[in-house]
Number of protein chains: 2
Amino acid sequence: MARHPAGELDDADFQVVEAPRPAPADGQVLIRHLYLSLDPFIRPMMDPVRSYVPHLNPGDLMPGFGVGQVVQSRNPALPEGTHVSGRFGWQEYIVADPAALRVIDPSLAPITTAVGILGMPGATAHYGLLELGKPKPGETVVVSAATGAVGSVVGQIAKLRGCRVIGIAGGPAKCDHAVQELGFDACLDYRAAGIEERFSALTPGYVDVLFENVGGPLMDMVLRRLNAHARVVLCGAISQYDGPTSGIGVPAFEFVRQRATMTGFIISEHMAHWPGAFEELARWIREGKIRYRESIADGLRNAPAAFKGLLTGKNFGKQLVRVARENG
Amino acid sequence: MARHPAGELDDADFQVVEAPRPAPADGQVLIRHLYLSLDPFIRPMMDPVRSYVPHLNPGDLMPGFGVGQVVQSRNPALPEGTHVSGRFGWQEYIVADPAALRVIDPSLAPITTAVGILGMPGATAHYGLLELGKPKPGETVVVSAATGAVGSVVGQIAKLRGCRVIGIAGGPAKCDHAVQELGFDACLDYRAAGIEERFSALTPGYVDVLFENVGGPLMDMVLRRLNAHARVVLCGAISQYDGPTSGIGVPAFEFVRQRATMTGFIISEHMAHWPGAFEELARWIREGKIRYRESIADGLRNAPAAFKGLLTGKNFGKQLVRVARENG
């Protein structure tokens with residue numbers, strides 16, 4: 001990161017830096033980065049505000065989860081060729097201690113899933129929906145950014161739990177995908193006209209669970225239709241990351257009227273939940289009950305543009321950057 | 001209620017209706033109303049919006065908790081002279097079934113406490129702070145409407161739990177009372193200048209629990225200083241009851257940044273909590289650990305003015321209306 005962004009991301013917010021390939025110390029490994037994950041939560045880390053981690057400063061490496069392969073090992077536990085995942089950042093080679101890595105078995109699932117449905121986004125969806133949203137059969141669950149890496153998993157789990165699922169996404173292609181491929185009951189195209197009326201018509205019994213990834217007026221629209229004892233799971237607010245941010249457009253008393261709860265969370269504080277979530281998600285994938293979709297940009301130099309696209313809804317499914325070809 | 005209020009309460013929103021004294025059927029009792037409780041939550045019930053109870057319609061009896069005395073009994077379980085509390089509404093005489101009444105022992109505490117600290121407001125403070133706010137020793141607890149029927153109890157319980165307590169109240173008299181009589185660590189006079197700066201100075205370690213009774217910009221000020229894993233207990237939003245209401249002035253993502261929870265509740269959904277709360281509160285009163293203060297208006301005809309005063313912060317402590325003198 002070259003500088004703190006002033007609102008929407010600009011090419012000049014990033015800078016490519018060439019540096020010698022690092023060398024692993026005894027016990028460490030050198031990893032060649034194959035797939036970098038682009039996740040919306042990285043954007044707010046670029047702003048100098050108080051948050052759950054120290055914000056980035058100009059000159060810092062852009063952070064991010066990644067999947068790679070050990071190309072030089074000074075640790076017998078991780079021989080060369082081993083696939084690993086970790087917080088690699090936007091760089092081609094990483095030196096790491098094994099404790100900071102998760103070993104990936106490429107025979108179980110494509111390695112990209114280690115930063116997608118079987119990685120942070122999948123754990124986020126599983127934990128947030130089940131532990132905080134607590135959906136019950138027959139309840140209405142609304143999920144925004146419905147075809148994204150997190151939202152698509154949230155909606156499919158909610159369907160498996162017997163809920164009525166309404167997605168919110170931008171454009172007919174994503175909405176068709178949510179209904180036809182992901183099995184949502186309905187998907188609201190927020191770019192089409194009359195969204196408030198269409199949403200009201202879709203929620204005659206109001207909303208029991210909102211899994212929120214977007215924030216702003218779309219979130220307010222759902223908050224105005226909370227059911228009694230609704231649970232709002234605040235995962236992200238992608239519409240507000242480029243600022244200027246606005247407040248929640250619903251009076252506080254509405255949460256009293258509906259005895260509603262709103263909870264913000266970050267999944268890195270709930271690591272104990274990850275293994276069980278991945279086990280269940282992997283089983284659902286094997287059984288064909290959950291699907292996922294990826295968008296892959298090519299090369300680290302295209303990461304800023306792909307990241308910008310992710311923040312403005314141009315991606316479709318989990319956004320990755322191919323940093324290097326596995327056998328290239 | 002003569003009509004739905006158009007914003008701030010007007011005398012013409014109320015109408016005095018004379019009617020014959022009702023007669024109890026077999027098994028019922030006739031109660032003479034002695035003290036009517038005025039509670040802010042009644043105000044939003046006057047607006048025609050979807051809520052936890054059906055809203056009032058023009059011509060409906062103004063609702064409210066009250067304390068009275070049985071003056072005619074057709075039930076041996078409740079002889080004449082028995083003191084009882086219940087949802088009496090703004091009227092002088094009430095016919096009721098014993099199941100809808102709570103018997104009050106006037107030898108244990110003044111009967112007015114049955115609609116105050118040993119009634120709905122006390123139960124609200126006890127449940128909301130302990131079950132939802134979950135304060136831990138050393139944490140910073142902020143309570144708005146700090147000298148009111150609920151806020152004063154919240155702050156004192158928080159002190160008993162070893163918390164640092166900061167009240168927010170209007171004017172030096174209330175703030176002095178909060179610190180000197182109720183034992184709060186500090187009280188912020190929201191009518192004095194520079195409140196944001198003074199609040200920041202008072203919360204160098206940020207805010208762990210906010211017990212919110214007021215809403216609006218004062219609430220937003222506190223939300224901007226939430227600590228990690230803060231709990232916001234939404235009890236009321238008295239500043240917004242006369243409308244027009246505004247949204248929450250803090251972006252949704254701030255709740256993610258601080259992994260904060262906000263929960264709205266109404267105490268009538270948690271009746272199982274009441275007896276234990278009253279037992280503990282009564283003990284604390286006997287032990288001199290908790291104090292309370294009352295404002296008493298005289299006569300039902302003054303109820304609208306006293307209610308308006310309550311909504312604009314003119315009261316001091318628990319607001320009651322003396323409907324009749326006990327031996328009058």
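Basis for what follows: all heavy atoms, side chains included, without hydrogens, waters or symmetry-related copies. Order of the sequence lines fixes the chain letters, A, B, ..., with proteins taken first and strands second; residue numbering starts at 1 for each chain.
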Give me a line-by-line list of donor-acceptor atom pairs from chain B to chain A that are under 3.5 Å apart, or tell me none exist.
unit_1	atom_1	unit_2	atom_2	d
Arg50(B)	NH1	Leu226(A)	O	2.8
Arg50(B)	NH2	Leu226(A)	O	2.8
Leu226(B)	O	Arg50(A)	NH1	2.9
Leu226(B)	O	Arg50(A)	NH2	2.8
His229(B)	NE2	Glu269(A)	OE1	2.8
His229(B)	NE2	Glu269(A)	OE2	3.3
Ile248(B)	N	Ile248(A)	O	2.7
Ile248(B)	N	Val250(A)	O	3.3
Ile248(B)	O	Ile248(A)	N	2.7
Val250(B)	O	Ile248(A)	N	3.3
Arg259(B)	NE	Glu269(A)	OE1	3.2
Arg259(B)	NE	Glu269(A)	OE2	2.9
Arg259(B)	NH2	Glu269(A)	OE2	2.7
Ala260(B)	O	Gly264(A)	N	2.9
Met262(B)	N	Met262(A)	O	2.7
Met262(B)	O	Met262(A)	N	2.7
Gly264(B)	N	Ala260(A)	O	2.9
Glu269(B)	OE1	His229(A)	NE2	2.8
Glu269(B)	OE1	Arg259(A)	NE	3.2
Glu269(B)	OE2	His229(A)	NE2	3.3
Glu269(B)	OE2	Arg259(A)	NE	2.9
Glu269(B)	OE2	Arg259(A)	NH2	2.7

_Heavy-atom cut-off 4.5 Å, strictly under: side chain, backbone, both or neither for Met219(B) against chain A?_
side chain
*asked:* Can you tell me which portion of Leu226(B) sits under 4.5 Å from chain A's heavy atoms? Options are side chain, backbone, both or neither.
replied: backbone
_Val222(A): which residues meet the side-chain contact (heavy atoms from CB on, under 4.5 Å) condition with it, sequence neighbours left out?_
Val142(A), Ile168(A), Phe199(A), Val207(A), Leu210(A)
*asked:* According to side-chain contact (heavy atoms from CB on, under 4.5 Å), who are the partners of Ala158(A), at least two apart in sequence or on a separate chain?
replied: Leu129(A), Val141(A), Cys163(A), Val165(A)
*How long is the gap from CG on Leu234(A) to CE on Met262(B), to the nearest 0.5 Å?*
8.5 Å
*What's the spacing between Phe253(A) CZ and Cys235(B) SG if we round to 0.5 Å?*
9.0 Å
*Side chain, backbone, both or neither of Ala252(A) within contact of chain B (heavy atoms, under 4.5 Å)*: both
_Quick check on Val49(A) against chain B: is it the side chain, the backbone, both or neither that has a heavy atom closer than 4.5 Å?_
side chain
*Given side chains that start at C-beta, do those of Val256(B) and Ile266(A) come closer than 4.5 Å, heavy atoms only?*
yes
*Quick one: which of Ala228(A), Ala237(A), Gly215(A), Gly216(A) has the most heavy-atom pairs under 4.5 Å with chain B, could you say?*
Ala237(A)
*Under the ring pair (Phe, Tyr, Trp, His ring centres under 6.0 Å) test, residues paired with Phe307(B) that sit two or more places apart*: Trp90(B)
